[in-house]
Protein chains: 2
Amino acid sequence: MIDKKDEKFKFKLNGKGFHCETDVAISLIGGKWKTVLLWYLKGEKKRFGELRKHCPHITERMLSITLKQLENDGLISRKVYTKKPPMKVEYSLTDFGKSLIPVLDTIAAWGKDVAETKGEKFMDE
Amino acid sequence: MIDKKDEKFKFKLNGKGFHCETDVAISLIGGKWKTVLLWYLKGEKKRFGELRKHCPHITERMLSITLKQLENDGLISRKVYTKKPPMKVEYSLTDFGKSLIPVLDTIAAWGKDVAETKGEKFMDE
DNA sequence: CAGTATCCCCGGAGATACTG
DNA sequence: CAGTATCTCCGGGGATACTG
């Protein structure tokens, strides 16, 4: 039984309903680490260990999970170069992922502005 | 005891550390309902019940919680007009919240594009 | 009308240890 | 090097009922 209320959604994607256009985007880039990883992949492809270094606080588990989600959503691609013990894997933005760059830039610019304007000030209040 | 690793954060805001510029932004607009509500408040101020109508799937609880978060973060302001039983409260973007509009527009445009390009197609596969 | 108050569940996220 | 495997915890989010 499918709920009739599904019709009230504005968009559908992969069987899931969304409330408005921003909702679709947030489902793809929301979450604690997604934009951060995408941000570091923006310029160039990177290896697992490089990404880990850029995000000192991420656990290997979350890094692995988040990369897989981004891959499943088609935003990044994963390329294995050597399968034997000293493995080498590179992650890079797909074309779809690259379409996100202007969005990431806009978000980052605003975030930076907020951090510079409001950052640190409230710390000791 | 404050953890020394705090120094590894790139930004600080209200006592919390952030990993990169996108992180700051996501902390303010991430979550299931924030961008949706901001989106509907973008054009004009709205009342509690109006917002509820625009988001048929939100519960009153989540609407209340999310609005409070947005208010605490300074993105929206809450104005009470009548305190007696038939209450009237209006929510609107603050100047800070208005600074988000270009970001929301960018996110929405991308989300809409994604929905139109990829939406529905995969539904019956 | 505009919320609270509860209760509850699931999954995001962390910590740690282990592996091909 | 690039991950899995567990275990755990916390809180976001949902459902329902109640209130100033």
Side-chain angles (χ1 to χ4, degrees), chain A residues 3 5-6 8-9 16-19 23 26-37 40-41 45-73 76-92, chain B residues 3 5-6 8-9 16-19 23 26-37 40-41 45-73 76-92:
Chain A
D3 196 334
K5 284 178 185 161
D6 279 1
K8 289 202 180 169
F9 287 120
K16 280 191 277 191
F18 297 95
H19 308 86
D23 200 12
I26 290 298
S27 77
L28 292 172
I29 64 173
K32 187 166 180 181
W33 297 108
K34 285 185 181 176
T35 56
V36 179
L37 293 179
Y40 288 123
L41 286 174
K45 59 191 172 194
K46 286 201 172 56
R47 301 178 59 182
F48 191 89
E50 294 181 282
L51 289 169
R52 191 174 39 191
K53 257 182 214 148
H54 281 291
C55 309
H57 295 85
I58 199 171
T59 61
E60 291 174 347
R61 185 185 118 93
M62 284 316 297
L63 181 51
S64 175
I65 289 176
T66 310
L67 287 171
K68 205 165 293 176
Q69 291 171 343
L70 294 172
E71 192 191 357
N72 288 339
D73 288 338
I76 66 174
S77 76
R78 178 179 186 271
K79 224 171 193 168
V80 182
Y81 286 94
T82 50
K83 292 193 72 76
K84 283 299 152 193
M87 269 180 83
K88 182 174 173 181
V89 179
E90 278 183 347
Y91 294 90
S92 58
Chain B
D3 196 334
K5 285 178 185 162
D6 279 1
K8 289 202 181 170
F9 287 119
K16 279 191 278 188
F18 296 96
H19 308 85
D23 201 14
I26 290 298
S27 78
L28 293 171
I29 64 173
K32 188 166 179 179
W33 297 107
K34 284 186 182 175
T35 56
V36 179
L37 294 179
Y40 288 123
L41 286 173
K45 58 192 173 195
K46 287 200 171 57
R47 299 177 60 181
F48 192 89
E50 294 182 281
L51 289 169
R52 191 175 37 190
K53 256 182 217 147
H54 281 292
C55 308
H57 295 85
I58 199 171
T59 60
E60 291 173 345
R61 184 186 119 94
M62 285 315 298
L63 181 52
S64 174
I65 290 177
T66 309
L67 287 170
K68 205 165 290 173
Q69 291 171 342
L70 293 172
E71 190 190 359
N72 289 338
D73 287 336
I76 66 173
S77 77
R78 178 178 186 273
K79 225 171 191 168
V80 182
Y81 286 92
T82 49
K83 294 191 72 74
K84 283 298 152 196
M87 271 181 82
K88 180 174 174 181
V89 179
E90 277 182 347
Y91 294 90
S92 58

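Since the structure is predicted, the reported quantities are computational estimates derived from the model, not experimental observations.
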After noting the C-alpha distance and the side-chain angles of B:D23 and A:T35, does the key distance pass the side chain to side chain contact (heavy atoms under 4.5 Å, CB included) rule? CA-CA 7 Å; B:D23 201 14; A:T35 56; 5.7 Å; no

Decide salt bridge (Lys or Arg N to Asp or Glu O under 4.0 Å) for B:K45 and B:E90; before the verdict, give the C-alpha distance in whole Å, the side-chain angles of both, and the deciding distance to 0.1 Å. CA-CA 6 Å; B:K45 58 192 173 195; B:E90 277 182 347; 3.8 Å; yes

Residues 65-72 of chain A, side-chain donor-acceptor partners within the protein, below 3.5 Å, at least two apart:
from, atom 1, to, atom 2, distance (Å)
A:T66, OG1, A:M62, O, 2.6
A:N72, ND2, A:K68, O, 3.3

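Atom pair B:L63:CG and D:dG13:P shows a separation of 13 Å (rounding to whole Å applied).
By the 6.0 Å and 45° rule, B:K46 does not stack over the aromatic ring of B:Y91.
Using a 4.0 Å heavy-atom distance criterion, B:K68 is classed as a sugar-phosphate-only contact. Across all strands shown, A:Y91 has heavy atoms under 4.0 Å from sugar-phosphate atoms exclusively, and none from any base.
In this structure, A:T59 contributes its side chain and A:L63 its backbone to no donor-acceptor pair below 3.5 Å.
With a 3.5 Å limit on both pairing distances and Watson-Crick or G-U wobble geometry required, the stems of 3 or more pairs in DNA chain D span C:1-20 with D:1-20.
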With 3.5 Å as the limit, what N/O pairs link the protein to nucleotides 7-12 of chain D?
none

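Interface limits on DNA chain C: the 5'-most and 3'-most nucleotides within less than 4.0 Å of chain A heavy atoms are C:dA13 to C:dG20.
In this structure, B:H54 and B:Y40 have parallel ring planes: the angle between them is below the 30° cut-off, well short of the 60° mark.
In this view, A:F48 satisfies the ring-ring contact (aromatic ring centres under 6.0 Å, His included) rule with no residue, not counting sequence neighbours. Scored by the salt bridge (charged side-chain N to carboxylate O under 4.0 Å, His left out) test, B:K32 finds no partners at all (sequence neighbours excluded).
Toward the 5' end of DNA chain D, the nearer of the two residues B:P86 and A:E50, judged by each one's closest nucleotide, is A:E50. For A:M87 and A:I58, each mapped to the nucleotide of DNA chain C holding its nearest heavy atom, the one lying further toward the 5' end belongs to A:I58.
Expressed to the nearest 0.5 Å, how far CD of A:E60 lies from CZ of A:R52 amounts to 4.5 Å. For the atom pair NZ of A:K34 and CD1 of A:I29, the computed distance is 9.0 Å after rounding to the nearest 0.5 Å.
When all heavy atoms of A:C55 and A:V36 are compared, the closest pair comes out as SG-CG1, 3.7 Å.
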